[in-house]
Amino acid sequence: MPPKSLPADASAQPARPPCVLSGIQPTGRFHWGNYFGAIRQYIELQTAGDAFYFIADLHALTTVRDPERLRGLVHAAAVDLVALGLDPDRATLFVQSDVPEVAELMWLLMSVAPMGLLERCHAYKDKKLRGLPADAGLFTYPVLMSADILAYDATIVPVGEDQVQHIEVCRDLAGTFNHLYGEVFTLPQARLVESGARVPGIDGQKMSKSYENTLDVFEDLPSQKKKIMRITTDSRPMEEPKDPADDHLFALHALVASAPDRQEMAELYRRGGFGYGHVKKALVESAAHFFAEARNRRAALEADPGCIEAILANGAVRARKQAAAVLARARQACGLARGTAAGRRS
Ligand code: ADP
Ligand code: TRP
């Protein structure tokens, strides 16, 4: 049963510009599924109002246990996001653990989080059902995620389907806290990213790190070409017309091709009389072209590691300012701060 959520009550909140926030786990290199299914849409929302994007290293601690690897993954995720178009002048990009206020806010929320609500959350429940040991970090993961969202007064949280339940938990906890202590937190709305954007892997299943069927966004071109040439296809004869809608090779090409090229390819499928080698070649070329600018930006950022660290340091200052104000409000409301001065922390 999904967790109960409080009804949306937008009218109770003062009108303010939307504040978009999302967190991205640094658990590996981004693949096309991550980009087309999530990151591209998060980045598009950076123009919608205030925007906060962070690299969720505290969440990653429950799975990445090698410190050097974690540091490398966090840096690489930041480089990749900026290369892919996240604009640090428009949006605040930062690392989750650089804002310690979030950890304190998490404790305030833990104190109003019913065990039953967390027991129903799928990340923990799935692991338990499979008989795997789970740590408290995984169990309380949705509370940390709630603190991430509430610390910035976020109103819109773009996420994939798997995260919608956690936004409901966030709304529940914020609603309970507000009910107990007054209007402290802004209730966020989940923005489900297009479900039509399910990207197939090179074997036709859903693209996923766990299936080892990914095309990585910044994979070097020769190895990407090799992978594309290995994409599984059916054995229908060349002359037979084919429906582009049920072909994963076509779907991958459609993601990176220009509109006229996509159209031309669809016509070719319907006409028949072509070999899949032709489509693969077109896919190699379109993919190289589609990500060329991002690759160049990434090369420039990699040549100047100080640049990305400066962006993250600046982002952390901006994020902390916002989180400190929300935390002060919450401390004051629940009786931790003695007097107004103690409630105001820098
Ligand atoms: P993986 O399955 O490779 O471990 P993640 O679970 O880390 O991928 O994905 C992070 C986000 O990227 C998901 O929340 C989802 O929104 C998006 N995503 C991942 N794979 C795909 C896919 N094949 N199609 C569409 N979106 C995807
Ligand atoms: N749990 C999210 C994921 O695995 C990442 C995340 C952490 C997040 N905190 C968040 C997403 C807050 C949105 C808002 O994808």
Salt-bridge contact E267-R270 (side-chain N to carboxylate O under 4.0 Å):
no
Counting only N and O atoms by type, is there a donor-acceptor contact under 3.5 Å from the side chain of Q46 to the main-chain atoms of G85?
yes
Between Y124 and L132, is there shared hydrophobic-cluster membership here, with clusters defined by ILVMFWY side-chain heavy atoms closer than 4.5 Å?
no
Any side-chain heavy atom of P67 within less than 4.5 Å of one from R71?
yes
Decide yes or no on salt bridge (charged side-chain N to carboxylate O under 4.0 Å, His left out) for D135 and R65, but give the supporting numbers first.
CA-CA 13 Å; D135 50 37; R65 310 289 198 183; 3.0 Å; yes
Apply ring-ring contact (aromatic ring centres under 6.0 Å, His included) to the pair F36 and F290, showing each step before the final yes or no.
CA-CA 12 Å; F36 291 105; F290 186 90; 5.5 Å; yes
In this structure, would V164 and L173 fall into the same cluster of hydrophobic residues linked by side-chain contacts under 4.5 Å?
yes
Could you walk me through whether Y269 and D247 satisfy the side-chain hydrogen bond (donor to acceptor under 3.5 Å, both in side chains) test, starting with their C-alpha distance in whole Å, then the side-chain angles of each, then the deciding distance to 0.1 Å, before giving a yes or no?
CA-CA 10 Å; Y269 266 72; D247 185 71; 2.6 Å; yes
Do the side chain of D87 and the main chain of D89 share a donor and acceptor less than 3.5 angstrom apart?
yes
Criterion salt bridge (charged side-chain N to carboxylate O under 4.0 Å, His left out) against E219, the qualifying member of K227, K226, R298:
K227
Should we count CZ of R236 as having more than 12 external heavy atoms under 6.0 Å?
yes
For the side chain of R297 and the backbone of A83, is there at least one donor-acceptor N/O pair under 3.5 Å apart?
yes
Could you tell me whether the side chain of F218 reaches within less than 4.5 Å of the side chain of V79, counting heavy atoms only?
no
For V284, is there any backbone N or O sitting under 3.5 Å from a side-chain donor or acceptor partner on K225?
no
Give a yes or no answer on whether the side chain of Y35 reaches the backbone of V217 with a donor-acceptor pair at less than 3.5 Å.
no
Would you say the side-chain atoms of D57 pair up with the backbone N or O of S97, donor to acceptor, closer than 3.5 Å?
yes
If we count only N and O atoms by modelled type, under 3.5 Å, do the side chains of E309 and H75 hold a donor and an acceptor together?
yes
Say whether, by atom type as modelled, one donor and one acceptor occur between the side chain of E239 and the main chain of G272 under 3.5 angstrom.
no
Could you tell me the separation between the NE2 atom of H31 and the CD1 atom of I202, rounded to the nearest 0.5 Å?
12.0 Å
Minimum heavy-atom separation for V169 and C121, please, with both atom names.
CG2-SG, 3.7 Å
Check whether NZ of the Lys or CZ of the Arg K242 lies under 6.0 Å from the centre of the six-membered ring of Y276 and within 45 degrees of that ring's axis.
yes
Backbone N or O of D162 within a donor-acceptor pair of the H122 side chain at under 3.5 Å?
yes
Expected output: side-chain T155 to main-chain C19 donor-acceptor under 3.5 Å:
yes
For the residue pair L268 and F250, establish whether any side-chain heavy-atom pair is separated by less than 4.5 Å.
no
Please tell me whether W107 and L150 are part of a single hydrophobic cluster in this structure, the criterion being side-chain heavy atoms less than 4.5 Å apart.
yes
